[in-house]
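Have a look at the structure below before the remarks.
In this text, all values refer to a predicted model and were calculated from it rather than measured experimentally.
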Amino acid sequence: MKRVKAIFPIFFILLIISILILFFSQNPLTGILQTITLPIQRLAFVTSSSSGLANSSAEQLREENNQLRVQLAQMQELKRDNQALHDQFETTTPPSQKLLLADVVGTQQNALIINKGQSDNVHIGSVIVVKNNLIGTVSKVTPHLSLVMLLTDPSTSFTAQAVKTGADGIIRSLNGGTVIFANVVLSDKLENNDIIQTKGDLNSQGQGYPPKLIVGKIVSVDKQASSLFQSAKVESLVDTSHVQMVFVMGE
């Protein structure tokens with residue numbers, strides 16, 4: 001019995017040593033670290049994945065928003081073009097089948113640049129209108145662009161007539177861009193707000209200004225008894241500084 005008691009502590013010690021050897025042989029430090037860090041690794045992976053998905057979703061939303069903006073701009077431009085065509089085709093003068101739509105792509109002093117040219121059958125002398133309002137005529141042309149001389153250009157000169165009183169005269173432009181209804185005889189009557197329109201001076205080839213295009217309205221009258229003629233200042237009904245589209249009249 002005493003011998004058994006003496007052997008038990010030795011057996012117990014050997015058992016503990018065996019367990020420790022087995023424990024350390026399995027690299028317990030690595031196992032413990034893996035056990036501790038595994039949840040952290042999983043959390044980091046999930047966070048990283050979520051962040052990547054969020055960034056991807058945000059980028060996709062930005063791209064979709066940009067595409068929607070482009071589509072909206074195109075729709076607004078199409079709506080503007082359709083409205084211009086609708087308004088123009090409701091006008092009986094000039095005939096709509098002879099009109100060519102053109103965008104204003106540039107401006108110069110007393111002139112506009114449009115995106116239609118020789119390839120579109122536009123030529124020097126082509127008349128430019130907005131509805132039934134006379135804007136000017138083409139003075140220079142290239143295959144794809146044209147320079148439109150406005151009524152305020154000093155070279156402007158054509159016959160015109162007052163709608164209400166029937167007075168005849170000539171449209172001219174002074175150096176400063178003022179449009180004048182000039183050479184009106186004193187016996188004719190001129191009134192403020194009376195509309196001035198083209199009288200019509202087409203040649204045998206159909207070139208020139210057709211009749212009944214609106215030049216503008218009278219805003220002041222200059223009549224002196226000592227002069228042979230009277231005149232009136234005329235303002236266009238169209239603000240050409242804000243015109244985006246015009247129509248080229250065909251022959």
Side-chain angles (χ1 to χ4, degrees), residues 73-74 76-78 80-81 83-85 87-88 91 93-94 96 98-160 169-183 195-203 205-220 231-251:
Q74 292 174 340
Q76 291 174 339
E77 183 177 1
L78 182 61
R80 184 198 67 183
D81 292 351
Q83 185 62 47
L85 289 169
D87 293 343
Q88 186 65 47
T91 305
T93 302
S96 59
K98 295 183 179 181
L99 299 177
L100 172 67
L101 175 65
D103 290 328
V104 176
V105 295
T107 59
Q108 293 184 6
Q109 185 177 9
N110 298 319
L112 301 176
I113 301 172
I114 61 175
N115 66 341
K116 295 293 186 291
Q118 293 171 335
S119 61
D120 306 290
N121 199 31
V122 178
H123 54 78
I124 293 176
S126 292
V127 176
I128 307 301
V129 298
V130 172
K131 296 185 180 179
N132 57 346
N133 294 279
L134 176 62
I135 300 301
T137 57
V138 173
S139 59
K140 293 182 181 179
V141 64
T142 68
H144 303 291
L145 295 173
S146 296
L147 183 68
V148 178
M149 178 185 67
L150 299 176
L151 300 182
T152 52
D153 188 88
S155 62
T156 297
S157 180
F158 57 88
T159 58
I170 297 176
I171 291 293
R172 292 177 179 166
S173 179
L174 303 180
N175 290 330
T178 301
V179 178
I180 298 295
F181 183 45
N183 288 31
I195 296 297
I196 304 300
Q197 64 181 10
T198 56
K199 190 174 182 179
D201 56 1
L202 296 174
N203 59 25
Q205 285 77 39
Q207 298 174 339
Y209 295 91
K212 297 184 179 180
L213 293 179
I214 296 176
V215 178
K217 67 178 181 179
I218 295 177
V219 294
S220 64
S231 63
K233 181 180 177 181
V234 178
E235 287 186 356
S236 175
L237 304 183
V238 177
D239 184 357
T240 55
S241 64
H242 292 89
V243 169
Q244 296 180 327
M245 291 180 299
V246 297
F247 291 82
V248 184
M249 292 188 62
E251 296 178 4

Counting only pairs under 3.5 Å, give me each side-chain donor-acceptor contact of residues 170-182, with atom names and distances, residues two or more places apart or in other chains.
residue	atom	partner	partner atom	Å
S173	OG	T152	O	2.6

What's the spacing between [X] [atom1] and [Y] [atom2] if we round to 0.5 Å?
X	Y	atom1	atom2	answer
D103	I113	CG	CD1	13.5 Å
T159	Q197	OG1	CD	11.0 Å
H144	K116	NE2	NZ	11.0 Å
I128	S146	CD1	OG	7.0 Å
L134	F158	CG	CZ	5.0 Å
L101	M245	CG	CE	6.0 Å

**Message:** Assess the residue pair V246 and V148 against the criterion (side chain to side chain contact (heavy atoms under 4.5 Å, CB included)); give the C-alpha distance rounded to whole Å, side-chain angles, the decisive distance to 0.1 Å, and a yes or no.
**Reply:** CA-CA 10 Å; V246 297; V148 178; 5.7 Å; no

Results of side chain to side chain donor-acceptor pair (under 3.5 Å) for [X] - residues two or more places apart only:
X	result
K199	D168
S155	D153
T156	none
D120	none

**Request:** Tell me, please, which residues at least two apart from S139 pass side-chain contact (heavy atoms from CB on, under 4.5 Å).
**Result:**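 Only L147, M149 meet the side-chain contact (heavy atoms from CB on, under 4.5 Å) criterion with S139.
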
For a quick test of reading the model, state the closest non-hydrogen atom pair linking [X] to [Y] and the distance between them.
X	Y	value
I195	K217	CD1-CB, 3.9 Å
P154	N110	CD-ND2, 4.1 Å
M249	L99	CG-CD2, 3.8 Å
V248	S126	CG1-CB, 3.8 Å
T198	Y209	CG2-CB, 4.4 Å

**Message:** Evaluate L150 against I135 for side chain to side chain contact (heavy atoms under 4.5 Å, CB included), listing each step before the verdict.
**Reply:** CA-CA 6 Å; L150 299 176; I135 300 301; 3.6 Å; yes

**Message:** If we check side-chain contact (heavy atoms from CB on, under 4.5 Å) with V215, which of these qualifies: L151, N133, L237?
**Reply:**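 Single side-chain contact (heavy atoms from CB on, under 4.5 Å) partner of V215 among L151, N133, L237: L151.
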
**Request:** List the steps and the verdict of side chain to side chain contact (heavy atoms under 4.5 Å, CB included) for F247 and I114.
**Result:** CA-CA 10 Å; F247 291 82; I114 61 175; over 6 Å; no

**Request:** Could you tell me whether N115 atom CG has more than 12 heavy atoms of other residues or ligands within 6.0 Å of it?
**Result:**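 Enclosed: over 12 neighbouring heavy atoms sit under 6.0 Å from CG of N115.
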
